[in-house]
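For reference, positions follow the sequence shown, starting with 1.
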Amino acid sequence: MLPASLRELDAIRDQCRAMVNGRAALSAGASALPAPGVDIAADVAILLQLIPAINQRFGVAPEQIAGYDAARKQMLYQLIRRAGSALLGLEVTRTLLAAVARRAAGRWAGKQALKLVPVLGWAANAAIGFTAMRYVGNSHIDDCYAVCRRMLEQGASDGSR
């Protein structure tokens, strides 16, 4: 269900940010491992769980949207399209995440090179992994928040059919 008030929307954003920070810490741990490719696999696995969880909390998961009335669906899809998010309101798949990951490929290439530098490289890699995961997660939260806020402003937040 879509948030019914700005207060509820703010609380959801705060909860999701805490969730992102926890997952970013997991990403950092995987990034610190010296084995090449482990961090990328871990990041994809983390994002496959994180993005749908954020969508669910904001009420914009595909199965939730399917339950809204036609007018609410239309308004929501228009707002999502304007937000330009590839992860909002859609089924999150490995293919979709791969497209998002390609945008961050330069960062990941740098991370792989750092694995060759013992200790200092691993620590730097962990910091990059944490920051990248946090950036992707918080950007998605910002997109969800903006769409839900517009829905509230337009008076279509009650989630009933």
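- Contact of the L9 side chain with the F58 side chain is registered, since non-hydrogen atoms from C-beta on lie closer than 4.5 Å.
- Put simply, CE on M1 and CD on Q56 are 11.5 Å apart, with the number rounded to the nearest 0.5 Å.
- The line from CG of L76 to CZ of R81 is 11.0 Å long, rounded to the nearest 0.5 Å.
- Distance check: D14 CG to R17 CZ gives 8.0 Å after rounding to the nearest 0.5 Å.
- When all heavy atoms of L2 and C148 are compared, the closest pair comes out as CD2-SG, 4.0 Å.
- Scanning all heavy atoms of the two residues, the minimum distance from S27 to G129 falls at OG-O, 3.4 Å.
- At distances below 3.5 Å, at least one donor-acceptor pair connects side-chain atoms of Q64 with backbone N or O atoms of A61.
- A66 and K73 get closest at one heavy-atom pair: O-NZ, 3.3 Å.
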Derivation of the salt bridge (Lys or Arg N to Asp or Glu O under 4.0 Å) call for D69 and R72: CA-CA 5 Å; D69 63 53; R72 184 167 288 111; 3.0 Å; yes
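- For the pair I80 and D143, the minimum side-chain heavy-atom distance is 4.5 Å or more.
- With sequence neighbours excluded, the residues satisfying side chain to side chain contact (heavy atoms under 4.5 Å, CB included) with Q74 are Q78.
- Here the side chains of I12 and Y145 are not in contact, with every heavy-atom distance at 4.5 Å or above.
- If you take CZ on R23 and CE on M133, they are separated by 9.5 Å, rounding to the nearest 0.5 Å.
- In plain terms, the two heavy atoms of L6 and L152 that are nearest each other are N-CD1, 3.7 Å.
- The 12-atom threshold is not exceeded at CZ of R134, counting heavy atoms of other residues, nucleotides or ligands nearer than 6.0 Å.
- Atom SG of C144 and atom CG of N55 lie 5.0 Å apart (nearest 0.5 Å).
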Salt bridge (Lys or Arg N to Asp or Glu O under 4.0 Å) evaluation trace for D10 with R149: CA-CA 10 Å; D10 288 342; R149 185 174 179 122; 5.3 Å; no
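- Going from atom CD of E63 over to atom CD1 of I65 covers 9.0 Å, rounded to the nearest 0.5 Å.
- Residues R82 and R150 have side chains in contact (heavy-atom distance under 4.5 Å, counting atoms from C-beta outward).
- Hydrophobic cluster membership differs between I46 and F130, with clusters built from Ile, Leu, Val, Met, Phe, Trp and Tyr side chains linked at under 4.5 angstrom.
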